[in-house]
Enquirer: 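Starting off with a structure, shown below.
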Amino acid sequence: MRSHYCGEISERQLDSEVTLCGWVHRRRDHGGVIFIDLRDRAGLVQVVFNPEDEAAFATADRARGEYVLRVTGRVRHRPEGTVNPDLHSGAVEVVGTAVEVLNTAQTPPFQLEEHEHAGEDVRLRYRYLDLRRPEMQQRLQLRARVTSSIRRQLEEEGFLDIETPMLTRATPEGARDYLVPSRTHPGRFFALPQSPQLFKQLLMMAGFDRYYQIVRCFRDEDLRADRQPEFTQLDMEAAFVDEEAVMGVTERMLRRLFREVLGTELAEPFPRISHAEALDRFGSDKPDLRIPLELVEVADLVAGVDFKVFSGPANDPRGRVAALRVPGGGALTRKQIDDYTELVGRYGAKGLAYIKVNDPGQGLEGLQSPIVKFLTEEAVTGILERTGAEVGDLIFFGADKAGVVNAALGTLRVHLGHDLDMVEPGWRPLWVVDFPMFEYDEQDGRLYSLHHPFTAPRAADPAALRDEDPEALLSRAYDVVLNGVELGGGSVRIHDTAMQQAVFGLLGIDEEQAQAKFGFLLEALQYGCPPHGGIAFGLDRLVMLMAGADSIREVMAFPKTQTATCLLTEAPAEVGEAQLQELGIRLRRVSGAQ
RNA sequence: GGAGCGGUAGUUCAGUUGGUCAGAACGCCGGCCUGUCACGCCGGAGGUCGCGGGUUCGAGCCCCGUCCGCUCCGCCA
C-alpha cells in the first residue's frame with residue numbers, strides 16, 4: 001500500500017517515486033498551491049499539490065485535518081530558501097501526483113499540536129487521538145526500544161522469559177488486592193498479582209535458574225503521578241546467586257540500556273550507600289544525588305540548650321535534630337520561607353527554623369534568625385562550623401521524631417535544589433543497601449517487613465535471628481535509585497523452611513496462618529530449594545525518566561485517572577444482574593448508580 | 001480518609017468590588033491568495049459559565065452541597 005514512512009523521506013529518495021500513507025497533520029492552501037504535511041508514526045513530510053495535476057489538486061483541496069490519505073509523488077529538493085531545518089524531511093518535499101482519501105475525519109476535539117496542550121481529561125477521553133501526537137508516538141516508541149534492549153541483554157545472559165498466572169490468590173500482607181470472583185467456586189475469589197514474587201521463587205525451586213518477565217502487576221491503592229493501579233514490572237530472579245551477582249546483572253542491563261537508547265554512559269560501578277546513611281545525609285531512602293545539599297546532624301550541639309523544640313528531640317532516642325545549609329539561601333524572601341514552612345508541614349513538621357548568615361565574623365550579631373536567641377553561643381558556633389556556613393547562606397533546621405525530620409528536610413532539599421536551580425545534569429544511579437529487616441508500627445504494635453516477608457535476613461540461622469533486636473536486624477535487600485526515583489528493588493530470598501517460619505513468627509504470622517496462606521511455599525522450600533535472589537523494576541518509572549516525562553501516564557498507552565477510571569472506555573462499569581447471579585454475588589448497596 | 005489547585009465557546013484561557021462581563025487566541029465554516037511550513041488577509045457561526053440548592057432587586061463572581069480532572073499527605077509488604 002505504501003513504499004515508505006512519511007518520516008523516512010529524505011534526500012536518499014531524491015527523484016524516486018514514493019507512495020505514502022498517513023494523516024493530514026496540517027494543510028496550507030495558497031490558492032494556487034496546496035501544502036499538506038502528511039504524518040505517520042515516523043514523522044512528517046511536506047507534500048505539494050500544483051493545479052496542473054487537476055485530480056490530485058482537487059482532492060487535496062477537499063482534504064481536512066486528520067483525513068487519512070494515500071499519496072503518490074516524486075521526491076525533489078525544495079526550492080532555494082524554503083528548506084525547513086526543523087523537519088527530518090525538511091530538505092525535500094513530495095510532489096503529489098495522485099491522492100486517495102482512505103478515510104475522512106471529523107474535526108478533532110483538540111488540536112494535535114505541540115504548541116498548545118489540551119487538558120489531560122480531554123486527552124484521555126480521546127486517547128487514540130492524543131497518541132497520534134508526535135510526542136506520544138516518540139514516548140511509546142522509546143518504551144518499545146527500552147524493553148527490546150532489556151530483553152536482548154537478559155537473554156544473552158541466559159535468562160528465560162516465563163509467564164506466571166494473572167489469576168492467583170490474595171496475599172495477607174502488602175497492598176490491597178484486585179479481586180476476581182470465581183464462577184465455578186461461588187464465594188471464592190482470585191486476586192490479580194501485586195507482583196509475581198512467589199511464582200518466580202517457585203520457578204527457582206523448579207530449576208529454571210534464571211528467569212525474567214515483563215509483566216503487569218496490580219495494586220488497589222490510591223494513585224499518584226508515579227503510581228497506577230496496573231503497572232508493569234521488569235521482574236528477574238536467579239538461583240545460585242548472591243546480592244553481588246544480582247547487582248551485577250542489573251548494572252550491565254541498565255548500562256547497556258542507557259548506552260543503546262540514550263547514548264549515555266552510566267557510572268561503573270554504581271555507587272552504594274547504606275539505608276541509614278541515605279537517611280542521615282539526604283533524609284530519604286531514594287536520594288537524588290544530583291542535588292548538592294546534605295543534612296547535618298546537630299543533636300549533640302543542642303542537647304543542652306533551654307530551647308525545648310531542639311533539646312527535646314535531641315535527647316529522644318527516636319528524635320533527630322538536623323540542619324540543612326543552603327548556599328546563597330540568604331536571598332530567600334520571607335514569603336519563600338513561609339512557603340517552605342507550609343511544605344514541611346505536610347510531613348508533620350511543626351515549623352521550620354532557620355538562620356540567615358549575614359556576617360559570621362560578627363558572632364551572633366551577624367545572624368538573622370527567630371531562634372538564635374534561644375540557643376547558646378556555643379551551640380550556634382558549633383552549628384555554623386559543622387555546616388560550613390558562609391556569608392549569604394541560610395541554614396534550615398528540623399527537630400522532631402527522626403521520621404518527621406527526614407521526610408521534611410528530605411523533601412525540602414529536593415524542592416530547594418529545583419527552585420534554586422542547583423540540580424546537576426546527568427544520570428546518577430545508586431544502590432541503597434543494608435536495609436532494616438523490619439519496621440515497627442506504633443499504631444498496630446507489630447513489625448512489618450520493609451521489603452517483603454521472603455527477604456533473607458543477615459542472620460546465620462533462626463536462632464541468631466531471634467536473639468537480635470528485630471529493629472536492628474538488617475536484610476539482604478537492595479534498591480536501585482536513579483535521580484531520586486526508586487526504580488527497583490530486590491533481595492536474596494529465604495530458602496530455608498525454618499528461617500522462613502522464624503520470620504513469619506516475628507511478623508506475628510502464626511503457624512496456622514502461615515500454613516493457610518503460604519503453605520505451598522513452606523512446602524516447596526522442603527523439596528530442595530536452591531539459594532536464590534532477584535530484583536524487580538518499575539518499567540513505567542524507568543521509561544518516564546528516560547522520556548523526561550513527569551508522570552508514568554505519559555508513557556502508558558491507556559492509563560487510568562486518579563480515581564482509577566478509564567475515561568475512554570468508562571471502566572469500571574456496572575454489570576447486569578445475570579452476570580452477578582452467575583458469580584453468586586449480590587450487591588450490598590448500589591452507590592454511585594446512575 | 002484528608003489538604004490544595006482547577007472546571008467559562010470544539011480547545012487553551014481571561015473575566016476587577018456582585019451591576020453591557022458572554023470575551024481573546026487557536027480551531028471550525030465561507031471567500032481571496034502559486035512557496036508556505038504554528039502561512040497570510042477578509043467575513044461568519046459557535047456558550048446550560050460542571051451540576052443542584054441558597055443569599056440578593058441582581059450571581060460566571062458570594063455561601064452550602066455534589067460530581068469530575070490534577071498535585072500532595074495517609075496508603076502503596
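Each chain gets a letter, A, B and so on, in the order the sequences are listed, and its residues count up from 1.
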Enquirer: Using the benzene-type ring in the case of Trp, are the ring centres of A:Phe35 and A:His30 under 6.0 Å apart?
Expert: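 Yes: the rings meet the under 6.0 Å criterion.
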Enquirer: With nearest nucleotides of RNA chain B determined for A:Phe35 and A:Gln197 from heavy-atom distances, which residue corresponds to the more 5′ nucleotide?
Expert: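 The residue closer to the strand's 5' end, by nearest nucleotide, is A:Phe35.
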Enquirer: Output yes when at least one side-chain N/O atom of A:Arg27 is less than 4.0 Å from OP1 or OP2 of B:rU36, else no.
Expert: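 No, outside the criterion.
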Enquirer: N/O contacts under 3.5 Å, protein versus nucleotides 42-44 of chain B?
Expert:
none

Enquirer: Could you tell me how far apart A:Gln111 (CD) and B:rU11 (C1') are, to the nearest whole angstrom?
Expert: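 So the CD-C1' distance, A:Gln111 to B:rU11, works out to 6 Å.
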Enquirer: Please compare A:Gly174 and A:Val33 by the position of their nearest nucleotide in RNA chain B and report the one closer to 5'.
Expert: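 The 5'-side residue here is A:Val33.
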Enquirer: Salt-bridged, A:Arg125 to A:Asp121, with N to O below 4.0 Å?
Expert: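 Answer for the salt bridge query: no.
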Enquirer: When the C1' atoms of B:rU17 and B:rC21 are considered, how many whole Å apart are they?
Expert: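 Result for the C1' pair: 14 Å, nearest Å.
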Enquirer: Which whole-number value in Å describes the distance from A:Glu342 CD to B:rC5 C1'?
Expert: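 Going from CD in A:Glu342 over to C1' in B:rC5 covers 12 Å.
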Enquirer: Salt bridge between A:Asp441 and A:Arg446, side-chain N to carboxylate O under 4.0 Å?
Expert: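 Here A:Asp441 does not pair with A:Arg446 in a salt bridge, since their nearest N and O are not under 4.0 Å apart.
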Enquirer: Which is true for A:Leu450 with a 4.0 Å heavy-atom rule: it touches a base, it touches only sugar-phosphate, or it touches nothing?
Expert: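 Sugar-phosphate, no base atom in range.
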Enquirer: Given B:rC37, B:rG1, B:rU12, identify the nucleotide with an atom nearest to the side chain of A:Val122.
Expert: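 Closest of the options to the side chain of A:Val122: B:rU12.
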Enquirer: Which part of the nucleic acid, if any, lies within reach of A:Arg76 when heavy atoms closer than 4.0 Å are counted: base, sugar-phosphate only, or nothing?
Expert: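 Base contact.
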Enquirer: How many whole angstroms separate atom CD of A:Glu93 from atom P of B:rG35?
Expert: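 Answer to the nearest Å: 13 Å.
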Enquirer: Write down the distance separating the C1' atoms in B:rC63 and B:rA45, rounded off to the nearest Å.
Expert: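 Per the computed distance, 38 Å lies between those C1' atoms.
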Enquirer: With both distances under 3.5 angstrom, what nucleotide forms a Watson-Crick or G-U wobble pair with B:rC62?
Expert: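 Because both required distances fall under 3.5 Å, B:rC62 counts as paired with B:rG54.
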Enquirer: If we call it a pair only when both distances are under 3.5 Å in a Watson-Crick or G-U wobble match, what pairs with B:rC5?
Expert: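 When the pairing criteria are applied, B:rG69 turns out to be the nucleotide that pairs with B:rC5.
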Enquirer: If you count every heavy atom of other residues, nucleotides or ligands that lies below 6.0 Å from A:Lys560 atom NZ, does the total exceed 12?
Expert: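 Above 12, so yes.
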Enquirer: Report which part of the nucleic acid A:Ser195 touches: base, sugar-phosphate, or nothing (heavy-atom distance under 4.0 Å, all strands).
Expert: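 If one applies the 4.0 Å heavy-atom cut-off, A:Ser195 turns out to touch a base.
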Enquirer: Rounding to the closest angstrom, what is the interatomic distance between B:rG7 and B:rC62 at atom P?
Expert: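 Approximately 11 Å lies between the P atom of B:rG7 and that of B:rC62.
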Enquirer: Kindly give the heavy-atom pair with the smallest separation between A:Pro559 and A:Leu124, and that separation in Å.
Expert: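 Here A:Pro559 and A:Leu124 meet closest at CG-CD2, 3.7 Å.
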Enquirer: Is A:Asp434 salt-bridged to A:Arg458, going by a charged N under 4.0 Å from an acidic O?
Expert: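 Counted as a salt bridge, because a side-chain N and a carboxylate O are separated by less than 4.0 Å.
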Enquirer: Go through B:rU11, B:rC37, B:rU34 for me and flag the one nearest to the A:Asp37 side chain.
Expert: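 Among B:rU11, B:rC37, B:rU34, the one nearest the side chain of A:Asp37 is B:rC37.
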Enquirer: B:rG44 pairs with which nucleotide, Watson-Crick or G-U wobble, both distances below 3.5 Å?
Expert: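 Per the H-bond distance test, B:rC28.
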Enquirer: Where the side chain of A:Thr107 is defined as all heavy atoms beyond and including C-beta, which of B:rU34, B:rG27, B:rG1 is the nearest nucleotide?
Expert: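 Nearest to the side chain of A:Thr107 among the choices is B:rG27.
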Enquirer: What is the distance from CG of A:Asp220 to C1' of B:rC76, rounded to the nearest Å?
Expert: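 That distance rounds to 11 Å.
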Enquirer: Over how many whole Å does the gap from A:Asp29 atom CG to B:rC33 atom P extend?
Expert: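 Spelled out: CG on A:Asp29 to P on B:rC33 is 10 Å.
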Enquirer: Return the nearest nucleotide to the side chain of A:Pro109; candidates are B:rC75, B:rU34, B:rG10.
Expert: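 The answer is B:rG10, which lies nearest to the side chain.
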Enquirer: Can you find a donor-acceptor pair, distance only, under 3.5 Å between A:Gln46 side chain and B:rU36 base?
Expert: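 Under the 3.5 Å cut-off, the side chain and the base do form a donor-acceptor pair.
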Enquirer: Is it true that A:Phe454 and A:Phe518 have ring centroids separated by less than 6.0 Å?
Expert: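 So the answer is yes for these two rings.
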Enquirer: Rounded to whole angstrom, note down the P distance from B:rG46 over to B:rG23.
Expert: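 13 Å, rounded to whole Å.
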Enquirer: Need the pair for B:rG23. Rule: Watson-Crick or G-U wobble, both distances under 3.5 Å, any strand; none if unpaired.
Expert: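 In the structure as shown, B:rG23 has B:rC13 as its Watson-Crick or wobble partner.
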Enquirer: B:rG30 and B:rC37: how far apart are their P atoms, nearest whole angstrom?
Expert: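 Their P atoms lie roughly 22 Å apart.
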Enquirer: Which nucleotide in the list B:rG1, B:rU34, B:rG35 gets nearest to the side chain of A:Val48?
Expert: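 The closest nucleotide is B:rG35.
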Enquirer: Is there, by distance only and without an angle test, a donor paired with an acceptor across the side chain of A:Arg78 and the base of B:rC37 below 3.5 Å?
Expert: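 Flag set: donor-acceptor pair detected.
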Enquirer: For B:rA9 and B:rA25, measure between their P atoms and round to the nearest Å.
Expert: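 Pairwise P distance, B:rA9 against B:rA25, rounds to 16 Å.
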Enquirer: Once each nucleotide of nucleotides 65-72 of chain B is scored for protein heavy atoms under 4.0 Å, what B/S/- sequence comes out, 5' to 3'?
Expert: ----SBBS
Enquirer: Any salt bridge linking A:Glu11 with A:Arg76? Criterion: basic side-chain nitrogen under 4.0 Å from a carboxylate oxygen.
Expert: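 Looking at A:Arg76 together with A:Glu11, the answer is no, because their closest N to O distance does not fall below 4.0 Å.
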Enquirer: Could you tell me how far apart A:Glu221 (CD) and B:rG1 (C1') are, to the nearest whole angstrom?
Expert: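 Those two atoms, CD and C1', are 13 Å apart.
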Enquirer: Assign A:Glu52 to base, sugar-phosphate, or nothing according to its heavy-atom contacts below 4.0 angstrom with the strands shown.
Expert: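 Base contact.
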Enquirer: Inspect the contact between A:Glu471 and A:Arg318 and indicate whether a charged nitrogen and a carboxylate oxygen are less than 4.0 angstrom apart.
Expert: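 A:Glu471 and A:Arg318: salt-bridged.
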Enquirer: With a distance cut-off below 6.0 Å to the six-membered ring centre and an angular limit of 45° from the axis, does A:Arg176 pair with A:Tyr178 as a cation-pi contact?
Expert: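 No - A:Arg176 does not lie over the ring of A:Tyr178 by the 6.0 Å and 45° rule.
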Enquirer: Of the candidate nucleotides B:rG74, B:rG35, B:rA38, which contains the atom at the shortest distance from the side chain of A:Arg227?
Expert: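 Selected nucleotide (nearest to the side chain): B:rG74.
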Enquirer: Sticking with atom P, work out how far B:rC13 lies from B:rG31, rounded to a whole angstrom.
Expert: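 33 Å, rounded to whole Å.
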Enquirer: Using atom CG of A:Asp61 as one end and atom C1' of B:rU34 as the other, report the distance to the nearest whole Å.
Expert: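 Whole-Å distance recorded here is 14 Å.
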Enquirer: Under 3.5 Å for both donor-acceptor distances, Watson-Crick or wobble: does B:rC76 have a partner, and if so which one?
Expert: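 By the stated definition (distances under 3.5 Å), nothing pairs with B:rC76.
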Enquirer: Is any NZ, NE, NH1 or NH2 atom of the basic residue among A:Arg227 and A:Glu221 found under 4.0 Å from an Asp or Glu carboxylate oxygen of the other?
Expert: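 Answer for the salt bridge query: no.
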Enquirer: Hey, does A:Gly65 reach any base, or is it just sugar-phosphate, or nothing, if we go heavy atoms under 4.0 Å?
Expert: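 Since no nucleic acid heavy atom lies under 4.0 Å of A:Gly65, the category is nothing.
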Enquirer: Report the relative orientation of the aromatic rings in A:Phe435 and A:His275; use parallel for angles under 30°, tilted for 30 to 60°, perpendicular for over 60°.
Expert: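 Rings of A:Phe435 and A:His275: tilted, as their planes differ by 30° to 60°.
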Enquirer: In whole Å, I'd like the distance from the CZ atom of A:Arg125 to the P atom of B:rG50.
Expert: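 After rounding, the gap between these two atoms is 17 Å.
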Enquirer: Please measure how far the C1' atom in B:rU16 lies from the corresponding atom in B:rC75, and state the result in whole Å.
Expert: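 These two C1' atoms come out 42 Å apart once rounded.
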Enquirer: Salt bridge check, A:Glu230 against A:Arg219: does any charged N sit closer than 4.0 Å to a carboxylate O?
Expert: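 Looking at A:Arg219 and A:Glu230, the cut-off is not met.
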